Q: 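Pasting a structure below so you can have a look.
Note that this is a predicted model, so its numbers are computed, not measured. Naming convention: chains lettered A, B, ... in sequence-line order (proteins, then strands); numbering from 1 in each chain.
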Amino acid sequence: MRKSWQRTHTCGELRRSHVGANVTLNGWVHARRDHGGIYFLDLRDRYGLTQVVIGEQLAATLKFGPEFVLSVRGKVNAREGAQVNSERPTGEVEVIAESIDVLSASPVPPIDISGATETALETRLKYRYIDLRRAQMQRNLEHRSRFINAMRRAFERQQFIEVETPILTKATPEGARDYLVPSRVHPGEFYALPQSPQIFKQILMVAGLDRYFQVARCFRDEDLRADRQPEFTQLDMEMSFVEEEDVFAAWEQVLVETFRDALGVELSVPFPRMRWEEAMERYGVDKPDLRFGLELKAVDTWARSCDFQVFRGALESGGRVMGLVVPAQHGLSRKDITDLETVAKGLGAKGLAWWKAGEAGGAGPLAKFCATPEAARSLMQALGAAEGDTCLFMADRKSLARKVLGELRNQLGRKLGLIPKEQRWAFTWVTHFPLFEWDEDAQRYFSAHHPFTAPEDWSLGGAMAGGSPDLGALSSRAYDLVLNGWELGSGSVRIHRADVQQKIFSLLGIGPEDQKRKFGFFVDALAFGAPPHAGFALGLDRTSALTLGLDNIRDVIAFPKTASATDLMCDAPSTVDPSQLAEVHVTTVVPKA
RNA sequence: GGGGACGUAGCUCAAUCGGUUAGAGUACCGGCCUGUCACGCCGGUGGUUGCGGGUUCGAGUCCCGUCGUCCUCGCCA
């Protein structure tokens, strides 16, 4: 028998075949059951729980509490009949303790590790080292590890090579707010943490690496959400001499292999493809949840011949009239409709018209415009609605009508239980996003994806030849991968021509001087023989969460931040010593409260 | 930056219309118990009701401010 405290087995390992063996287990005190003459202890480590039996005499010499760390030496004993715990893999055996060393003590933990009560997130984040002891959290992190490693293997099978890119890099004027790092050596100058390895991976293509991937940490100084952290991890990739379908095929293969290896799930490929315009028109969002129908319906044509002033007004000012049909079987009540209208107004809608379909005119605000059977029938036909269905209408700017109905569709999908449990993995590629988006506040166009995205039309609607096309109408070769209504990642075919890249910068209002200063190195690189290339990046936090059925990515991140971007465990961010600031030539100006 | 919810024992929660000594479950401590496995039974410790101010005879409860957490809109190329 070993003399040291070091374990011979883990707490999840012992089985009937080990009966009679002398073993040493190390682990945490999970639960204690003191019966006076006999004492039971559940010892826990990452691998499981093992029951330790302690005799009266030995128990009397020991002093320990929950979450103490012990080394238990003893003999494996078979449990028979009612003593077997069929709930546990180790339930057919127990360890009869011969000696026990206390390796480490603990106060009463502020978190219930057994999972009997759900501890407040604030406490879990402050004492993350205890929270992470919970089986659920260990399972989450193990799952994430398995998933990422399966993905790595799948990329390597396709000849991709993993390359690391800098964390200290150059600030980018477009896109999200940068996290800045002051330079000690260059007073007054700053590095930025990468929002993504975008430029580096494109340069790796120029460098002839052909197929790159990386598990890449990305940083964006923007406000958080349940599915957004200021630093997050992407499976980033880029390929040369390819177009959209090659990227899709590479990823579909990777995802098939990854889901098979890590989850035992067989995905059906190819995933459907859908143009952005189609997604917006049918689902009102650019990340449609395809697990249920309830599609948006255009009723502009019907509305044009209707006397309803709200509808006519919207159409006359260039807007749209769109509808959503909730089948009669769901029995939407007046209160339900009022609640939906509240949601709609919260999103900026002026109101929500509704109609209970009926050939005799139906009911609701629209009933009087459907008073004749012809009018009622034509509206039902335009909507694909049947007698008794509840129809909801938005008449507004195209973008707002889609956004509101898209949100109502998602809420109704959940509320009415339209999402079938068996249909778990509804992937889709959304393609051909707009190239530019108009920003009202800045009074200029911004790249909808990023400024390195190839246009669908390399002539840029004539802009390359000096024309002035409607930039808002240009389509791009950007695409997203969507799963169950979540955006899992995005990518694009890139611009590999220096002249087109320069034109895009100019159209974005970045003058020649700024282009040279901020992106000169990159345009230079494109000029030196850049292959056509395209790529994609998958959000690993979201994908890990979604594949575990979680709706908050904090549960798949070991040390996540709060909604105000703080780390409650180590109390970051924090002030620093003035001498440290002086060293990096920084003075701070803190606004008065 | 805006909106909403929340903050009471180590943990999860309760406390009626503003009313007496702020309770329960669980955990912890002590006692009893040789087959439990969220052991059981008996007893006990444990509170700056986030913090500051105000109204009131009286505030966990009402008002103002502030801090923190969560969700969300804006934002996130």
Side-chain angles (χ1 to χ4, degrees), chain A residues 30-43 49-56 59 63 65-67 77 79-88 90-91 94 96 106-127 130-131 172-178 194-196 198-199 218-230 232 342-343 345-348 403 407 433-437 439-442 445-453 476 478 487 490 492 504-505 508 510 539 551-552 554 561-566 568 571 593:
Chain A
H30 188 71
R32 299 170 294 162
R33 294 176 292 278
D34 182 357
H35 287 250
I38 189 169
Y39 187 110
F40 297 100
L41 164 70
D42 290 335
L43 200 66
L49 289 170
T50 297
Q51 174 163 286
V52 175
V53 183
I54 307 172
E56 192 168 15
K63 185 82 184 156
E67 296 307 308
N77 180 50
R79 294 160 72 171
E80 304 294 349
Q83 291 179 17
V84 171
N85 183 343
S86 55
E87 306 280 300
R88 290 183 190 165
T90 60
E94 61 196 1
I96 310 292
S106 172
V108 177
I111 290 169
D112 178 5
I113 290 152
S114 75
T117 54
E118 183 76 15
T119 306
L121 187 61
E122 198 171 350
T123 311
R124 292 177 50 202
L125 292 179
K126 179 168 182 186
Y127 298 97
I130 302 172
D131 189 46
T172 50
E174 296 284 303
R177 210 172 282 117
D178 284 317
Q195 296 174 26
S196 83
Q198 184 61 36
I199 288 178
C218 306
F219 305 86
R220 295 177 190 174
D221 187 4
E222 299 292 345
D223 287 346
L224 286 74
R225 288 288 186 284
D227 62 352
R228 247 161 53 193
Q229 286 270 307
F232 59 99
T342 306
V343 172
K345 284 181 172 170
L347 293 171
K403 176 179 157 185
E407 174 62 24
F433 277 65
L435 188 61
F436 297 112
E437 276 168 359
D439 185 299
E440 271 303 320
D441 297 332
Y445 281 100
F446 282 85
S447 291
H449 183 54
H450 58 50
F452 318 112
T453 302
S476 81
E487 179 199 324
S490 61
S492 59
I504 293 283
F505 287 142
L508 289 169
I510 306 170
D551 54 14
N552 197 304
R554 272 186 276 253
K561 290 181 175 56
T562 66
S564 57
T566 63
L568 292 178
D571 190 31

Q: Look at all strands and tell whether A116(A) reaches a base, only sugar-phosphate, or nothing, counting heavy atoms closer than 4.0 Å.
A: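 The residue A116(A) makes base contact.
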Q: Would you measure the distance from the P atom in U72(B) across to the matching atom in C42(B) and give it in whole Å?
A: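 My reading of the P atoms in U72(B) and C42(B) gives 46 Å.
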Q: T117(A) has a side chain; which of G30(B), U12(B), C70(B) sits nearest to it?
A: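 Of the options given, the side chain of T117(A) lies nearest U12(B).
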Q: Under 4.0 Å, counting only non-hydrogen atoms across every strand here, what does Q51(A) touch: a base, just sugar-phosphate, or nothing?
A: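 Base: the residue Q51(A), judged by heavy atoms under 4.0 Å, touches a nucleobase.
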Q: Please give the distance between the C1' atoms of C32(B) and A22(B) as a whole number of Å.
A: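 Result for the C1' pair: 32 Å, nearest Å.
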Q: Classify the nucleic acid contact of K345(A) as base, sugar-phosphate or nothing, counting any heavy atom under 4.0 Å across all strands shown.
A: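 The answer is nothing, as K345(A) stays clear of every strand by at least 4.0 Å.
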Q: Is there a side-chain contact between L121(A) and R554(A) (heavy atoms, below 4.5 Å)?
A: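 The answer is yes, as the side chains (C-beta and beyond) meet within the 4.5 Å cut-off.
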Q: I need the CZ-C1' distance between R225(A) and C73(B), as an integer number of Å.
A: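 Going from CZ in R225(A) over to C1' in C73(B) covers 7 Å.
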Q: What's R79(A) touching, base or sugar-phosphate or nothing? Going by heavy atoms closer than 4.0 Å.
A: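 Here R79(A) touches the bases of the nucleic acid.
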Q: Looking at D223(A) and R228(A), is there a salt bridge between them, counting it only when a charged N and a carboxylate O are closer than 4.0 Å?
A: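 Here R228(A) does not pair with D223(A) in a salt bridge, since their nearest N and O are not under 4.0 Å apart.
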Q: With the side chain of K63(A) defined as its heavy atoms from C-beta on, choose the nearest nucleotide among G30(B), C70(B), C33(B).
A: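 Side chain of K63(A) sits closest to G30(B).
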Q: Determine whether F232(A) and D227(A) make a side-chain contact, defined as any pair of heavy atoms from C-beta on separated by less than 4.5 Å.
A: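 A side-chain contact is absent here, since even the closest heavy-atom pair is not under 4.5 Å.
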Q: Taking atom C1' of U36(B) as reference, at what distance in whole Å does atom CG of D42(A) sit?
A: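 To the nearest whole Å, that distance equals 9 Å.
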Q: Do the side-chain N or O atoms of R33(A) get closer than 4.0 angstrom to the phosphate oxygens (OP1, OP2) of C39(B)?
A: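 The answer is yes; a side-chain N or O of R33(A) sits under 4.0 Å from OP1 or OP2.
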Q: Go ahead and name the base partner of C70(B); Watson-Crick or wobble counts if both distances stay under 3.5 Å, otherwise write none.
A: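 Its partner is G4(B) (Watson-Crick or G-U wobble, both distances under 3.5 Å).
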Q: Side chain of R228(A) only, please: which of U12(B), C75(B), G35(B) is the nearest?
A: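 So the side chain of R228(A) is nearest to C75(B).
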Q: Return the value, rounded to whole Å, for the distance between atom CD of E487(A) and atom C1' of C76(B).
A: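 The distance from CD of E487(A) to C1' of C76(B) comes to 10 Å, rounded to the nearest Å.
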Q: Any donor-acceptor pair under 3.5 Å joining the side chain of N85(A) to the base of C37(B)?
A: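 Per atom types, the contact qualifies.
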Q: If the cut-off is 4.0 Å, is N552(A) near the phosphate of C71(B), judged by side-chain N/O to OP1 or OP2?
A: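 Yes, such a contact exists.
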Q: Check every strand shown and say whether S114(A) touches a base, only sugar-phosphate, or nothing at a heavy-atom separation below 4.0 Å.
A: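 Counting heavy atoms under 4.0 Å across all strands, no contact is made by S114(A).
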Q: Classify the nucleic acid contact of P451(A) as base, sugar-phosphate or nothing, counting any heavy atom under 4.0 Å across all strands shown.
A: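 Here P451(A) touches the bases of the nucleic acid.
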Q: Within the 4.0 Å heavy-atom criterion, would you say R32(A) contacts the bases, only the backbone, or no part of the nucleic acid?
A: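 The residue R32(A) makes sugar-phosphate contact but no base contact.
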Q: Compare the minimum distances between each of C28(B), C11(B), C39(B) and the side chain of A31(A), then state the nucleotide with the smallest one.
A: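 Among the listed nucleotides, the one closest to the side chain of A31(A) is C39(B).
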Q: Would you classify T566(A) as touching base, sugar-phosphate or nothing, given that sugar-phosphate means primed atoms plus P, OP1 and OP2, and contacts are heavy atoms under 4.0 Å?
A: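 T566(A): backbone/sugar contact only, no base atoms under 4.0 Å.
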Q: Taking side chain as C-beta onward, heavy atoms only, is N77(A) less than 4.5 Å from V53(A)?
A: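 Result no, sub-4.5 Å side-chain heavy-atom pair not found.
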Q: Mind checking who A22(B) pairs with, Watson-Crick or G-U wobble, both distances under 3.5 Å?
A: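 Across all strands, not a single nucleotide pairs with A22(B).
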Q: Heavy atoms under 4.0 Å, any strand shown: does K403(A) hit a base, just sugar-phosphate, or nothing?
A: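 Result for K403(A) = sugar-phosphate.
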Q: Is the shortest side-chain N/O distance from T119(A) to OP1 or OP2 of C11(B) below 4.0 Å?
A: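 Checking C11(B) against T119(A), no side-chain N or O comes under 4.0 Å of OP1 or OP2.
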Q: Please name the pair of heavy atoms, one in Q195(A) and one in T172(A), separated by the smallest distance, quoted to 0.1 Å.
A: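 Where Q195(A) meets T172(A) most closely, the heavy atoms are NE2-OG1, 3.2 Å.
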Q: Mind checking P107(A) for me? I need base, sugar-phosphate or nothing, with any heavy atom below 4.0 Å counting as a touch.
A: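 Result for P107(A) = nothing.
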Q: Rounding to an integer number of Å, can you tell me how far D223(A) CG sits from G3(B) C1'?
A: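 In whole Å, G3(B) C1' and D223(A) CG are 14 Å from each other.
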Q: Suppose we define a pair by two distances each less than 3.5 Å, Watson-Crick or G-U wobble; what does G43(B) pair with here?
A: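 Per the H-bond distance test, C29(B).
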Q: For D42(A), is there an ion pair with R88(A) - N to carboxylate O distance below 4.0 angstrom?
A: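 The answer is yes: the pair qualifies as a salt bridge.
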Q: With respect to the side chain of A226(A), which nucleotide from C70(B), U72(B), U69(B) is positioned closest?
A: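 The listed nucleotide nearest to A226(A)'s side chain is U72(B).
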Q: Could you tell me whether A120(A) contacts a base, only the sugar-phosphate backbone, or nothing, with contacts defined as non-hydrogen atoms closer than 4.0 Å?
A: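 Here A120(A) touches the backbone only, sparing every base.
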Q: Measure the distance from CG on D178(A) to P on C75(B) and round it to the nearest whole Å.
A: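 About 18 Å, once rounded to whole Å.
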Q: Report yes or no: do S447(A) and E174(A) form a side-chain donor-acceptor pair below 3.5 Å?
A: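 Per modelled atom types, S447(A) and E174(A) side chains form no pair under 3.5 Å.
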Q: Strictly by Watson-Crick or wobble contacts shorter than 3.5 Å, is anything paired with U36(B), and which nucleotide is it?
A: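 Partner of U36(B): none.
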Q: V84(A) near the nucleic acid: base, sugar-phosphate alone, or nothing, with a heavy-atom cut-off under 4.0 Å?
A: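 The answer is base, as V84(A) lies within the cut-off (heavy atoms under 4.0 Å) of a base atom.
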Q: When the C1' atoms of U26(B) and C70(B) are considered, how many whole Å apart are they?
A: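 The same atom, C1', in both gives a distance of 24 Å.
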Q: Considering only the C1' atoms, how many Å lie between G68(B) and G31(B), rounded to the nearest integer?
A: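 So the two C1' atoms sit 42 Å from each other.
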Q: Taking CG from D131(A) and P from G10(B), how many angstroms apart are they, rounded to a whole number?
A: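 Checked: the CG to P distance equals 19 Å.
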Q: Under 4.0 angstrom, heavy atoms only, what part of the nucleic acid is E94(A) near: base, sugar-phosphate, or nothing?
A: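 Base contact.
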Q: For the atom pair CG (L41(A)) and OG1 (T50(A)), what is the distance rounded to the nearest 0.5 Å?
A: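 Those atoms lie 10.0 Å apart.
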Q: In whole angstrom, what separates I54(A)'s CD1 from C37(B)'s C1'?
A: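 Between C1' of C37(B) and CD1 of I54(A): 14 Å.
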Q: Does the structure show H35(A) stacking with C39(B), if we require the centres to be closer than 5.5 Å and the planes to be within less than 30 degrees of parallel?
A: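 Check passed, H35(A) stacks on base of C39(B).
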Q: Nearest-Å distance, CG (D439(A)) to P (G74(B))?
A: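 Value for this atom pair: 13 Å.
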Q: For I111(A), answer base if it contacts any base atom (sugar-phosphate contacts may also be present), sugar-phosphate if it contacts only those atoms, and nothing otherwise; contact means non-hydrogen atoms under 4.0 Å.
A: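 It contacts nothing in the nucleic acid.
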